[in-house]
Amino acid sequence: MIDGYTRVCGLIGNPVEHTKSPVIHNNLADNTGVNLVYVPFHVETGKVGQAIEGAYALNLLGLNVTVPYKNDCIAFLKDIDPLAEKIGAVNTLVRIDGGYKGYNTDMPGLYRAMVSDGVDFCGKKVVIIGAGGVARAVAVMLAEKDVAQIIIANRTVEKAKAIADEVNGFYDNNVVSVSSLYELKNLPGGNYLAIQATNVGMYPNVDEVVVDDDAFYEKVALGYDLVYNPEETTFMKKLRAKNKPAFNGAKMLLYQGIIAYELWTGKSISDDLAEKVYELMK
Ligand code: NAP
């Protein structure tokens with residue numbers, strides 16, 4: 001029931017029409033008894049500042065931010081969480097006095113998804129494939145955990161190198177190194193955790209895969225593809241063909257939403273409710 005007390009949250013981006021976030025948030029609101037609705041807002045190029053100011057004026061409780069505004073929105077915030085600042089991307093705005101505070105829940109979302117899938121980072125060697133915005137954020141998140149080594153492999157190696165230099169600088173160590181995609185088959189040893197953070201293999205190009213060589217998949221113990229459409233990517237098929245566990249990005253999407261909802265409402269979402277919403281989202 002929408003009434004005079006209903007609070008509004010939403011998603012700003014361009015495009016937003018494909019989003020699954022309303023399923024997550026409206027079901028969370030239903031199940032936690034919060035009088036809240038969540039709607040997508042298509043924001044035209046150059047209008048993100050106006051959108052954020054307008055949202056504040058309209059008393060919106062919070063916003064999610066998607067492509068292409070995750071960086072651009074930062075200039076219009078009242079405050080920013082230190083992790084989001086380090087990552088350089090904000091996907092959640094929480095209403096505070098005088099404006100919004102920006103957070104990045106994508107990375108805590110990926111972390112919570114991995115923990116819920118039973119992944120242990122401690123002492124692990126991790127390969128991140130890709131060097132775009134998401135790969136950079138994954139590298140920052142992992143550098144904060146107790147991983148032994150992070151290798152960033154990208155088609156454009158200079159971009160991987162730039163992220164490695166920056167992240168090593170933050171933490172004053174050399175935990176991050178780089179590789180070309182071609183060299184991945186020659187990684188020393190095995191037992192790597194692999195995170196596929198490019199858009200290769202996304203619908204409709206479902207037969208594409210960023211690393212084709214089976215020798216690489218031999219060295220991987222477990223893999224995550226951050227792509228969630230299709231449900232089983234070629235990257236995942238290649239791992240599963242070798243009996244290695246492989247997960248898609250759907251749980252990351254779920255948990256980035258859950259963490260945003262928790263920030264907006266102060267509620268804590270149980271594993272059972274997370275599972276229920278995950279089924280609805282799928
Ligand atoms: P981005 O900044 O545009 O970066 C794209 C990356 O893909 C770059 O490393 C690029 O390599 C690489 N790439 C593109 N086409 C390639 C090709 N044909 N061969 C090899 N490499 C190629 O994108 P992003 O923002 O980081 O997002 C990456 C993906 O993460 C998205 O497509 C999405 O599927 C996923 N994602 C998932 C979630 C979730 O909740 N599950 C959230 C956000 C994003 P170059 O540097 O060489 O161009």
Side-chain angles (χ1 to χ4, degrees), residues 11 13-16 18-21 23-25 64-73 84 87-92 103-114 116-117 127-142 150-164 166-167 176 178-184 194-213 216 223-236 246-261 274 277-278 281-282:
L11 170 71
N14 184 355
V16 289
H18 62 286
T19 182
K20 293 189 185 212
S21 291
V23 179
I24 299 174
H25 294 289
N64 283 136
V65 183
T66 189
V67 177
Y69 301 127
K70 288 188 182 187
N71 309 104
D72 295 357
C73 71
I87 290 170
V90 159
N91 77 317
T92 299
Y103 291 83
N104 185 302
T105 70
D106 280 331
M107 287 311 113
L110 175 60
Y111 179 69
R112 213 151 126 183
M114 287 176 144
S116 105
D117 289 329
V127 177
I128 301 170
I129 303 174
V134 170
R136 187 181 172 287
V138 174
V140 172
M141 188 268 281
L142 289 175
I150 301 167
I151 298 167
I152 305 178
N154 195 41
R155 178 177 61 178
T156 314
V157 179
E158 299 74 50
K159 280 168 74 179
K161 177 90 176 60
I163 297 175
E166 202 182 351
V167 178
V176 189
V178 303
S179 166
S180 66
L181 295 176
Y182 178 76
E183 280 297 320
L184 279 180
I195 301 177
Q196 199 303 107
T198 77
N199 39 23
V200 178
M202 254 170 92
Y203 178 84
N205 304 312
V206 298
D207 293 329
E208 293 181 2
V209 65
V210 72
V211 184
D212 202 23
D213 200 323
F216 165 64
Y224 266 86
D225 198 329
L226 303 191
V227 169
Y228 51 82
N229 183 14
E231 208 171 312
E232 186 183 49
T233 62
T234 302
F235 174 84
M236 293 167 65
F247 302 92
N248 67 24
K251 262 199 186 166
M252 171 181 169
L253 181 72
L254 169 76
Y255 278 109
Q256 64 72 31
I258 284 178
I259 296 167
Y261 186 83
V277 173
Y278 187 53
M281 195 186 97
K282 280 202 291 184

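Order of appearance sets the numbers: ligands from 1, and atoms from 1 within every ligand.
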Tell me which donor-acceptor pairs under 3.5 Å the side chains of residues 152-159 have, and how far apart each pair is, sequence neighbours excluded?
residue	atom	partner	partner atom	Å
Asn154	OD1	Ala131	N	3.3
Asn154	ND2	Thr156	O	3.0

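Considering CZ of Phe247 and CE of Met236, their distance stands at 8.5 Å, rounded to 0.5 Å. With rounding to the nearest 0.5 Å, the separation of CG in Asp117 from CE in Met252 is 13.0 Å.
More than 12 heavy atoms of other shown residues, nucleotides or ligands fall within 6.0 angstrom of atom CD in Glu232.
Checking each of Ile195, Val200, Val209, Leu184 against Ile129 for a side chain to side chain contact (heavy atoms under 4.5 Å, CB included) leaves exactly one that passes, namely Leu184. Screening Val134, Asn64, Asp106 for a side chain to side chain contact (heavy atoms under 4.5 Å, CB included) involving Lys70 leaves a single residue, Asp106.
Within 4.0 Å of ligand 1, the residues that place a heavy atom are Gly130, Ala131, Gly132, Gly133, Val134, Asn154, Arg155, Thr156, Lys159, Ala197, Thr198, Asn199, Val200, Met202, Val210, Leu226, Val227, Tyr228, Gly249, Met252, Leu253, listed by chain and number.
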